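Remember, predicted model here, so these are calculated numbers, not experimental data. Just so it is clear, the values below take in all heavy atoms, side chains as well, and ignore hydrogens, waters and symmetry mates.
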Amino acid sequence: MYPEWHDALHVPSIGDTFHIVSPHVVTITPVKISASFHVSVQPKSSNGVLSPHAQALAALMRRVHSNTAIFVERHLRPSPAKPDLDDLRVDLKNILENYRSALEYVAHHLADKCVPRPPPERVQFPVASSGDDVNSFSKKLDKWFPGLSTSAPAAKDFLISIQEFRGEEWLRNLADLSNFNKHRSLSTFELRNFRSLIIRFCSVGLRFGELGVRSCAIDSGGIVRLAESAEHYADIRGPQLIDIDTTDLIDADAGIEVINEEREIYGIPGATGSVPGLIWAIGRNVFRTVDLLCRHLS
């Protein structure tokens with residue numbers, strides 16, 4: 001019901017959309033927090049040992065993972081003492097910079113696959129401009145990372161898939177927030193009310209909207225199963241779309257509740273999500289990006 005920071009990286013989580021096609025059944029079970037997870041970093045030497053560059057990336061990811069978990073917890077489960085907002089604002093700046101650095105480190109690994117290799121001082125992680133589309137951004141990638149289309153076509157396709165023109169918001173949010181906090185001022189916080197919708201069966205459920213997934217599209221023949229155990233479950237059947245504006249389920253078993261929730265959380269003026277929601281979505285997607293790009297480039 002409440003996505004956990006330590007969930008596996010590739011399951012639908014905060015800010016994600018997912019699509020269930022026939023005849024698949026996606027089963028939601030009680031949350032089990034993983035003790036650890038693994039992220040691939042590159043490059044490795046010929047004998048399989050991580051290079052100094054990869055060791056630096058791994059060290060950065062370990063630290064920012066821990067710091068993000070603490071940051072999110074302080075917002076969502078605050079102590080009785082009122083948190084020091086100045087401390088939280090500085091923490092936000094540092095976390096954003098570390099995530100941005102992780103992507104910049106990977107950009108230099110991308111450059112290693114290029115012919116000719118771009119000069120190091122010109123290498124940056126590619127972020128689409130507001131006016132870009134698939135064609136214009138693809139041409140920019142060919143200019144910034146010459147030969148990547150041939151040496152690592154899956155990496156180029158992935159870089160295109162995470163841009164704003166593909167409906168992804170986290171990378172643009174990271175770029176804008178990190179630039180503002182680095183060059184202009186610390187972001188200000190304000191308490192606001194944020195909505196979420198919970199689809200629940202007994203103690204198992206899914207959250208949509210703030211601090212939850214964005215939407216779930218279920219095709220005819222597809223099923224979302226909320227299961228307390230192998231014998232005790234309830235199904236939601238397609239076709240239907242579930243999101244923050246859902247009021248009733250079209251085809252679902254008895255016992256499933258649709259609950260609207262509103263909670264007061266700090267947000268950044270002008271931003272659509274809460275502070276922990278923004279950082280959670282950015283963090284999860286940076287980890288996914290580092291992992292998948294390094295796999296594509298290995």
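Formation of a donor-acceptor pair under 3.5 Å by the Ser138 side chain with backbone atoms of Asn135 is not found in this model. Checked by atom type and distance alone, the side chain of Glu264 never pairs as donor or acceptor with a backbone atom of Asn193 at under 3.5 Å. Although no hydrogens or angles enter the test, the distance criterion places a donor-acceptor pair under 3.5 Å between the side chain of Asp291 and the main chain of Ser40. For the pair Ser129 (side chain) and Asp132 (backbone), a donor-acceptor distance under 3.5 Å is absent. Within the 3.5 Å criterion, the main-chain N or O of Phe125 finds no donor-acceptor partner in the side chain of Arg100. Although no hydrogens or angles enter the test, the distance criterion places a donor-acceptor pair under 3.5 Å between the side chain of Asn181 and the main chain of Ser187. In this structure, Ser178 contributes its side chain and Ala175 its backbone to a donor-acceptor pair below 3.5 Å. Panel note: side chain Glu228, backbone Val204; no donor-acceptor pair is recorded below 3.5 Å. A donor-acceptor pair under 3.5 Å is absent between the side-chain atoms of Asn98 and the main chain of Ile95, judged by distance alone. In this structure a side-chain-to-backbone donor-acceptor pair under 3.5 Å is present from Lys113 to Leu297.
Note on Ile70: it does not cluster hydrophobically with Met61, by side-chain heavy-atom contacts below 4.5 Å among ILVMFWY residues. Both Ile242 and Ile20 sit in one connected hydrophobic cluster of ILVMFWY residues. Membership requires side-chain heavy atoms under 4.5 Å apart, directly or through other members. Under a hydrophobic clustering in which Ile, Leu, Val, Met, Phe, Trp and Tyr are joined whenever their side-chain heavy atoms come within less than 4.5 Å, directly or via other members, Phe180 and Leu171 fall into different clusters.
With a 4.5 Å cut-off on side-chain heavy atoms, Leu103 and Tyr99 do not count as touching. Side-chain contact between Pro239 and Ile218 is absent, with no heavy atoms from C-beta onward closer than 4.5 Å. Here the side chains of Tyr105 and Val41 are not in contact, with every heavy-atom distance at 4.5 Å or above. Looking at Leu197 and Val258, their side chains come closer than 4.5 Å, going by heavy atoms from C-beta outward. A 4.5 Å side-chain heavy-atom check between Trp170 and Arg172 finds every atom pair outside the cut-off. Contact annotation: the side chain of Ile282 approaches that of Leu96 to within less than 4.5 Å [non-hydrogen atoms, C-beta and beyond]. Using a 4.5 Å heavy-atom cutoff, the side chains of Ile268 and Leu177 are in contact. When side chains are defined from C-beta on, Ser22 does not count as touching Ser220, because their heavy atoms never get closer than 4.5 Å.
The pair Glu257-Arg200 meets the salt-bridge criterion, with a side-chain N (NZ, NE, NH1 or NH2) lying under 4.0 Å from an Asp/Glu carboxylate O. Remark: Glu190 engages Arg192 in a salt bridge, criterion side-chain N to carboxylate O under 4.0 Å.
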Go through it in stages, so that I can follow the logic: the residues are Ser196 and Glu210, the test is side-chain hydrogen bond (donor to acceptor under 3.5 Å, both in side chains), and I'd like the CA-CA distance, side-chain angles, deciding distance and then a yes or no. CA-CA 5 Å; Ser196 58; Glu210 189 59 34; over 6 Å; no
Would Ile14 and Val213 count as a side chain to side chain contact (heavy atoms under 4.5 Å, CB included) if you check the C-alpha gap in whole Å, the side-chain angles of each, and the deciding distance to 0.1 Å? CA-CA 5 Å; Ile14 184 166; Val213 297; over 6 Å; no
Apply side chain to side chain contact (heavy atoms under 4.5 Å, CB included) to Glu169 and Glu164, showing your working. CA-CA 6 Å; Glu169 300 174 350; Glu164 188 176 23; 5.8 Å; no
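Every residue was checked against the ring pair (Phe, Tyr, Trp, His ring centres under 6.0 Å) condition with Tyr233, not counting sequence neighbours, and none meets it.
In this structure, Ile198 CD1 and Leu206 CG are separated by 10.0 Å, a value rounded to the nearest 0.5 Å. For the atom pair Ile256 CD1 and Ile236 CD1, the distance stands at 4.0 Å (nearest 0.5 Å). Atom CZ of Arg195 and atom CD of Glu261 lie 11.5 Å apart (nearest 0.5 Å). Summarising the geometry, atom OG belonging to Ser149 is positioned 7.5 Å from atom CG belonging to Leu141; distances are rounded to the nearest 0.5 Å. Between the CZ atom of Arg63 and the CG atom of Asn94 there is a distance of 11.0 Å, given to the nearest 0.5 Å.
Aromatic ring centroids of His75 and Phe71 lie under 6.0 Å apart.
Atom NZ of Lys140 has more than 12 heavy atoms from other residues, nucleotides or ligands within 6.0 Å.
Of the listed residues (Asp91, Asp87, Asp86), just one forms a salt bridge (Lys or Arg N to Asp or Glu O under 4.0 Å) with Arg89, and that residue is Asp86. For the salt bridge (Lys or Arg N to Asp or Glu O under 4.0 Å) criterion with Asp16, the lone passing option out of Arg207, Arg214, Arg284, Arg288 is Arg288.
For the residue pair Asn285 and Ala281, the shortest heavy atom distance occurs at ND2-O, 2.8 Å. Minimum heavy-atom separation, Ile160 to Arg166: O-CG, 3.3 Å.
Note: His65 and Phe287 have perpendicular aromatic rings, judged against thresholds of 30 and 60 degrees for the angle between ring planes.
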